[in-house]
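To keep things clear, I will list the structure first and then write my remarks on it.
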Amino acid sequence: MEHLTLQDVTVPRIGLGTWALRGRQCTETVLTALDMGYRHLDTAQMYGNEAEIGTALSDTGISREDIFLTTKILESNLRRDSVLRSVEDSLRQLRTEYVDLLLIHWPSRSVPIPETIRAMNALQENGKVKHIGVSNFSVSQTREAQEASEAPLFTNQVEYHPMENREALRRFCREHEMMLTAYSPLAKGRVNRNRTLKEIGSRHGKSAAQAALRWLIRQSNVVAIPKAASRDHLMENLDLFDFELSDEEIREINALGS
Ligand code: NAP
């Protein structure tokens with residue numbers, strides 16, 4: 001596994017997305033992924049699977065401090081009191097004392113960004129949250145969150161894959177020493193139908209999905225969180241660290257998003 005280090009924090013370049021994993025299947029998939037070497041998990045209050053992930057965290061033999069765990073605050077929980085209450089509930093469900101990363105899931109239409117960010121800072125101060133960030137924020141919303149925060153923002157999690165151009169946001173994040181977390185990095189499976197990605201993948205004995213993930217995580221401040229339920233997909237998405245894309249291949253993939 002390759003890692004990214006920013007703000008003295010080290011994060012595995014590939015995490016497991018867990019949206020749509022539910023019930024026993026969620027716990028089993030997370031346990032399988034941890035066995036295979038995944039050490040970075042992405043959930044959210046909205047996914048309704050924090051308790052199932054908590055079961056996996058308590059059943060695995062892997063130490064909590066070796067796992068990078070992210071959750072996100074539901075849009076209806078962004079008032080100060082709801083942030084504090086709902087994150088306590090998330091921690092109970094996840095069966096952990098802290099999360100590594102807490103994000104605002106979506107910008108609120110009614111709650112000012114500083115109100116939510118300061119509540120998140122309070123959770124950082126009492127050790128329940130190590131780092132904070134945002135998701136689905138534009139550059140200007142990210143800047144506003146950053147200005148309101150007493151601690152540096154760690155990431156903006158947005159949809160990002162070869163067909164989605166995120167250059168402006170990625171540059172902003174890099175200039176502010178922030179990570180960009182690529183969600184739906186396989187375009188929900190669509191990357192596999194892309195001829196360019198298929199051809200590039202096959203030149204390296206890899207799939208289109210692997211070419212897309214390699215392209216994402218070669219970028220200095222990017223990590224990706226593909227969701228996979230099947231064992232083959234889980235394995236494939238970790239099998240990325242024995243090949244490099246050429247400059248020409250990178251240019252070809254860059255062109256898919258323009
Ligand atoms: P995704 O990861 O782009 O795609 C998941 C789909 O691709 C699943 O159908 C999966 O199939 C398939 N797949 C996985 N690995 C594959 C491979 N190697 N080859 C072919 N197909 C493969 O989509 P996503 O679930 O939307 O995004 C990933 C994660 O990002 C989510 O689970 C969630 O944690 C996060 N997310 C965050 C937000 C946000 O607002 N912050 C929004 C959306 C998603 P199987 O499941 O059958 O293996």
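Whatever order the structure lists them in is the order used to number ligands and atoms, beginning at 1.
Here is the list of ligand 1 atoms found below 4.0 Å of a heavy atom in H105: 39 (C), 40 (O), 41 (N). The A228 neighbourhood of ligand 1 comprises atoms 14 (C), 46 (O), 48 (O), with distances under 4.0 Å to a heavy atom of that residue. The contact set between ligand 1 and P226, taken as ligand atoms under 4.0 Å from a residue heavy atom, comprises 2 (O).
Remark: minimum distance from atom 48 (O) of ligand 1 to any protein heavy atom is reached at H233 ND1, 2.6 Å. Considering only non-hydrogen protein atoms, atom 4 (O) of ligand 1 sits nearest to K188 CA, 3.3 Å. Of all protein heavy atoms, the one closest to atom 34 (O) of ligand 1 is D42 OD2, 2.7 Å. In terms of protein heavy-atom proximity, atom 18 (N) of ligand 1 is nearest to N237 OD1, 2.8 Å. Looking at atom 28 (C) of ligand 1, its nearest protein heavy atom turns out to be I225 O, 3.1 Å. Looking only at heavy atoms of the protein, atom 19 (N) of ligand 1 is closest to N192 ND2, 3.3 Å. Looking only at heavy atoms of the protein, atom 5 (C) of ligand 1 is closest to K227 O, 3.4 Å. The single protein non-hydrogen atom nearest to atom 33 (C) of ligand 1 is Y47 OH, 3.3 Å, given as residue, atom name and distance.
With a heavy-atom cut-off of 4.0 Å, N136 touches ligand 1 through its side chain alone. At a 4.0 Å heavy-atom cut-off, ligand 1 touches A187 through the backbone alone.
By the criterion of side-chain heavy atoms lying less than 4.5 angstrom apart, applied directly or through intervening Ile, Leu, Val, Met, Phe, Trp or Tyr residues, I200 is grouped together with Y160 in one hydrophobic cluster.
Around atom 38 (C) of ligand 1, the closest heavy atom drawn from Y183, W106, W19 belongs to Y183. Among G17, G189, S135, the residue whose heavy atom lies nearest to atom 7 (O) of ligand 1 is G189. When S184, A44, A209 are checked for heavy-atom proximity to atom 27 (O) of ligand 1, S184 turns out nearest.
Polar contact with ligand 1: present for L186 (N/O pair, distance under 3.5 Å). Considering backbone and side-chain atoms alike, S207 places every N or O at 3.5 Å or more from each N or O of ligand 1. Considering backbone and side-chain atoms together, A229 places an N or O closer than 3.5 Å to an N or O of ligand 1.
Taking the six-membered ring where the residue is Trp, H40 and F68 present perpendicular rings, their angle passing 60° and hence far from 30°.
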Carefully, step by step, assess E88 and R85 under the rule salt bridge (Lys or Arg N to Asp or Glu O under 4.0 Å).
CA-CA 5 Å; E88 287 291 350; R85 192 169 9 88; over 6 Å; no

**Asked** What's the verdict on side chain to side chain donor-acceptor pair (under 3.5 Å) for T181 and T155, showing C-alpha distance, side-chain angles and the deciding distance?
**Response** CA-CA 7 Å; T181 307; T155 199; 2.8 Å; yes

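The existence of a salt bridge linking E52 and R24 is excluded, since no basic side-chain nitrogen approaches an acidic carboxylate oxygen closer than 4.0 Å. Between K72 and D42 there is a salt bridge, since a side-chain N of the basic residue sits under 4.0 Å from a carboxylate O of the acidic one.
Formation of a donor-acceptor pair under 3.5 Å by the E175 side chain with backbone atoms of F172 is not found in this model. Listed for the Q7 side chain is a donor-acceptor partner under 3.5 Å among the backbone atoms of E177.
Checking each of T71, T96, T43 against E50 for a side chain to side chain donor-acceptor pair (under 3.5 Å) leaves exactly one that passes, namely T71. R214 pairs with exactly one of E236, E2, E249 by the salt bridge (charged side-chain N to carboxylate O under 4.0 Å, His left out) rule, that one being E2.
The shell of residues lying under 4.0 angstrom from ligand 1, judged by heavy atoms, includes K72.
Counting protein heavy atoms under 4.0 angstrom from atom 9 (O) of ligand 1 gives zero.
To the nearest 0.5 Å, atoms OG (S207) and NE2 (H233) are separated by 8.0 Å.
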Check: residues 97-107 side-chain donor-acceptor pairs under 3.5 Å, at least two apart:
unit_1 : atom_1 : unit_2 : atom_2 : d
D100   : OD2    : R64    : NH1    : 3.1
D100   : OD2    : R64    : NH2    : 2.9
D100   : OD2    : L69    : N      : 2.8

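There is no side-chain donor-acceptor pair under 3.5 Å between N136 and E159.
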